[in-house]
Amino acid sequence: MINRYVFGTPFDTEAILHKPAATEALFPLYISLDGPVFSLSLSQNDIVFGLGEAVRGMNKRGHTYISWNTDEFDHNEEKKSLYGAHNFFLVTAPGKPATGYFVDFGGKVTFDLGDTKLDTITVTVDSPDYELYIINGTDPADVALQFRTLIGRSYLPPKWAFGVGQSRWGYGSQDDMMRVTQKYRENHIPLDMVYLDIDYMDQFEDFTISSERFSDFKQMNTNLKNQHVRVIPIIDAAVKQSDGYYFYDEGKKNNYFCKNANGDDFVAGVWPGDCCFPDFLNPEARTWFGNAYSYLVDQGIDGFWNDMNEPSLFYSKEHLEDVKKEVSELLKGDLSIYNNFRLKDLIFGLSSNEDDYRKFFHTVNGKKICHHDVHNLYGYNMTRAAAEAITKNYPERKLFFSRSSFVGMHRHSGIWMGDNKSRWQHILLNLQMLASLNMVGFLYTGADTGGFGADATEDLLLRWYALSIFTPLLRNHSSLGTREQEPYQFMDSLESLRGILGLRYRLLPYLYSEFMKAALTGTMYARPIGFDYPDDKDALNTQDQLFIGESIMIAPVYEQNAIGRHVYLPEAMKLVRFKGCTVVEESELAAGHNWIYVALDEVVFFIKKGHVLPLAKPAEYVDGVDWDTLTLLHYEGTSYTLFNDDGLEQNPDLQSNLKVLQVPAS
Ligand code: MIG
């Protein structure tokens with residue numbers, strides 16, 4: 001059952017696709033409502049799941065989270081905000097029903113989930129104008145399903161986007177793209193995508209290509225496509241302010257940029273220097289920005305990643321002037337301790353300063369809206385702009401994923417999990433976020449495998465890939481200045497890498513099928529194991545294992561130098577061990593707490609009782625996967641219902657693309 005409560009006159013965030021009529025029902029008595037603040041109490045066994053992209057465990061209890069989209073490059077456990085705002089959480093306990101809450105508001109929302117007081121949740125909305133949805137269900141999976149029904153179908157990427165991707169901030173030329181591809185192919189490491197970061201543009205200007213470093217961009221794309229590899233460029237949200245740059249001139253002329261209080265275009269610094277910010281809340285500006293992607297599509301590009309769309313601001317022009325003045329005053333005196341701190345605060349406070357988000361405005365239906373009140377909708381609408389225009393302009397599905405997001409954007413695109421690091425804890429965080437992101441409809445997601453910041457090691461990369469082969473978005477990406485992270489840079493264990501990535505392609509028919517079924521029916525592709533066993537206390541409290549689709553459970557190793565790990569099995573399952581992408585062990589493991597050994601070059605996972613896992617023959621790219629010759633592994637299973645389509649159709653039908661695969665009687 002879903003109740004929608006409307007407070008004041010909220011701005012429509014367009015998160016919810018199917019809005020039920022506002023409820024006549026009384027506000028539930030167990031919640032105390034005091035202005036835009038509501039509280040509920042937690043009992044000892046209660047577990048809180050949700051909030052999508054956020055730090056810490058699957059059980060979110062015991063921390064304060066703030067929905068405030070932020071360019072945050074250090075994902076440690078103190079952090080309150082990352083790049084997305086996913087204001088949905090649910091409370092449940094073993095054997096108890098579940099209740100979900102969605103705060104539909106585009107500005108700041110604070111979720112104190114048993115942080116100030118262990119037994120109290122307090123949610124504070126930054127405005128009296130918002131909506132609250134309360135969803136009652138039998139168990140967590142039921143509540144999550146009801147929520148997904150409200151927010152609409154998840155984005156469907158093209159099938160090839162389930163392949164392996166290689167990226168690095170710093171690939172700056174056509175030669176770099178060709179070399180990466182060649183290295184992969186000559187080492188027989190599977191590959192489907194290579195990524196372009198900001199260095200392909202001319203002076204970091206959106207929708208331009210450096211002719212110096214990419215003398216024949218279109219030909220490069222053709223050459224790579226002939227090798228079954230697609231090039232995926234980045235697009236940044238901000239547009240360089242520079243007269244004579246065609247895209248800026250168009251935006252300026254048509255009033256498509258956000259304005260400051262005086263009605264002039266708001267200016268802040270990002271990569272290209274001073275920039276203007278497209279008003280993505282204005283539908284005309286969206287159409288303009290979205291259509292611009294065609295410039296690249298027409299040169300053979302089939303996918304994009306949208307960055308810096310929180311929006312991230314290095315400085316605002318206005319604030320920078322104030323800081324310059326104060327700094328020069330400070331430097332005239334002695335830098336006594338407080339002045340020294342002040343100096344540092346002034347400098348560090350330049351980027352993504354909350355005050356700057358109060359200084360610019362959107363125009364929606366002729367009304368001026370302060371950015372601060374709708375901050376969390378910016379990245380959503382940038383990516384929506386791209387997806388809506390390109391979906392209209394071309395018949396085939398294209399790849400889109402974004403850094404910043406809000407619920408609702410999941411209908412248009414996926415997300416990646418932002419600037420993580422080559423840290424062991426970030427493998428676990430990657431797994432945990434998969435679960436909470438699936439709850440809010442972001443099915444096409446994954447983290448920078450190997451870590452974006454800091455230096456990856458061979459063992460970290462192997463362990464991380466052993467998780468990432470199950471994430472729909474599978475991309476190795478790293479920052480400028482870090483140790484080179486392409487698998488072929490770790491030559492000693494190339495055979496192991498080849499095996500692990502090879503397994504991704506063996507699993508592809510299953511992973512794609514389960515992804516598509518989940519997207520088309522509103523279920524979760526990746527889920528906490530307690531969602532399938534809501535009465536089982538140990539299952540519900542397991543935070544480092546996942547079900548992937550209907551048949552398998554994963555339990556990757558995420559600690560350095562570990563030779564194995566603890567695994568909890570809610571019921572007996574079949575353990576399957578892979579080495580070099582072939583099965584080397586199939587054994588039955590009893591229900592309960594188990595220890596398993598997993599070597600660095602192995603992948604171990606579990607098949608659920610009564611279920612079947614189809615496996616393809618190894619392949620080096622998605623187009624090379626043979627969907628007709630599948631081996632069926634199973635644990636007392638008899639059949640598997642496979643979804644398969646051409647991978648490009650925009651609105652595939654579920655039923656007509658299903659095929660039942662029967663396990664031969666033995
Ligand atoms: O300020 O484009 O998260 O993936 O490599 C950094 C450079 C901007 C942040 C993205 C990252 C990307 C980087 N970008």
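Every number for a ligand or one of its atoms is a count from 1 in the order of the listing. Counting begins at 1 with the first residue of the sequence.
- Of all the atoms in ligand 1, the ones that sit under 4.0 Å from a non-hydrogen atom of Met308 are 1 (O), 8 (C).
- Neither the backbone nor the side chain of Tyr83 comes within contact range of ligand 1; no heavy atom lies under 4.0 Å.
- Atoms of ligand 1 lying under 4.0 Å from at least one heavy atom of Ile198, given by number and element, are 2 (O).
- The ring pair (Phe, Tyr, Trp, His ring centres under 6.0 Å) with Phe280 is formed by just one residue from the set Phe406, Tyr380, Tyr378; it is Tyr378.
- Protein heavy atom in closest approach to atom 1 (O) of ligand 1: Trp271 CZ2, 3.1 Å.
- Considering both main-chain and side-chain atoms, Arg475 never comes within under 3.5 Å of ligand 1 through any nitrogen or oxygen pair.
- The distance criterion of under 3.5 Å between nitrogen or oxygen atoms is not met by Trp169 with respect to ligand 1.
- Atom numbering of ligand 1 starts at 1 in the shown order; those under 4.0 Å from a heavy atom of Trp416 are 3 (O), 4 (O), 10 (C).
- The ring pair (Phe, Tyr, Trp, His ring centres under 6.0 Å) with Phe257 is formed by just one residue from the set Tyr248, Phe277, Phe247; it is Tyr248.
- At a 4.0 Å cut-off, at least one heavy atom of Trp305 sits close enough to ligand 1 to count as contact.
- Nearest to atom 3 (O) of ligand 1 among the protein's heavy atoms is Asp419 OD1, 2.5 Å.
- By the 4.0 Å N-to-carboxylate-O rule, Lys325 lies too far from Glu321 to be salt-bridged with it.
- A salt bridge is absent between Lys252 and Asp249; no separation between the charged side-chain nitrogens and carboxylate oxygens falls under 4.0 Å.
- The residues Lys225 and Asp302 are annotated as salt-bridged, a charged nitrogen and a carboxylate oxygen being separated by less than 4.0 angstrom.
- Of all atoms in ligand 1, numbered sequentially from 1 with element shown, those under 4.0 Å from a heavy atom of His477 are 4 (O), 5 (O), 11 (C), 12 (C).
- Note: no N/O pair closer than 3.5 Å links Asp448 and ligand 1 by distance alone.
- The shortest contact between atom 5 (O) of ligand 1 and any protein heavy atom is with Asp197 OD2, 2.5 Å.
- Taking the ring centroids of Trp160 and Tyr621, they lie at or beyond the 6.0 Å cut-off.
- When Asp71, Asn420, Asp307 are ranked by how near their heavy atoms come to atom 9 (C) of ligand 1, first place goes to Asp307.
- Side-chain atoms of Gln174 and Asp216 form no donor-acceptor pair, as typed in the model, at a separation below 3.5 Å.
- For the pair Lys240 and Phe204, the cation-pi test (distance below 6.0 Å, angle within 45°) is failed.
- Taking the charged nitrogens against the carboxylate oxygens, Arg168 and Asp197 have no contact shorter than 4.0 Å, which rules out a salt bridge.
- Residue contacts with ligand 1 for Ile234 involve side-chain atoms from C-beta outward but no N, CA, C or O (heavy atoms, distance under 4.0 Å).
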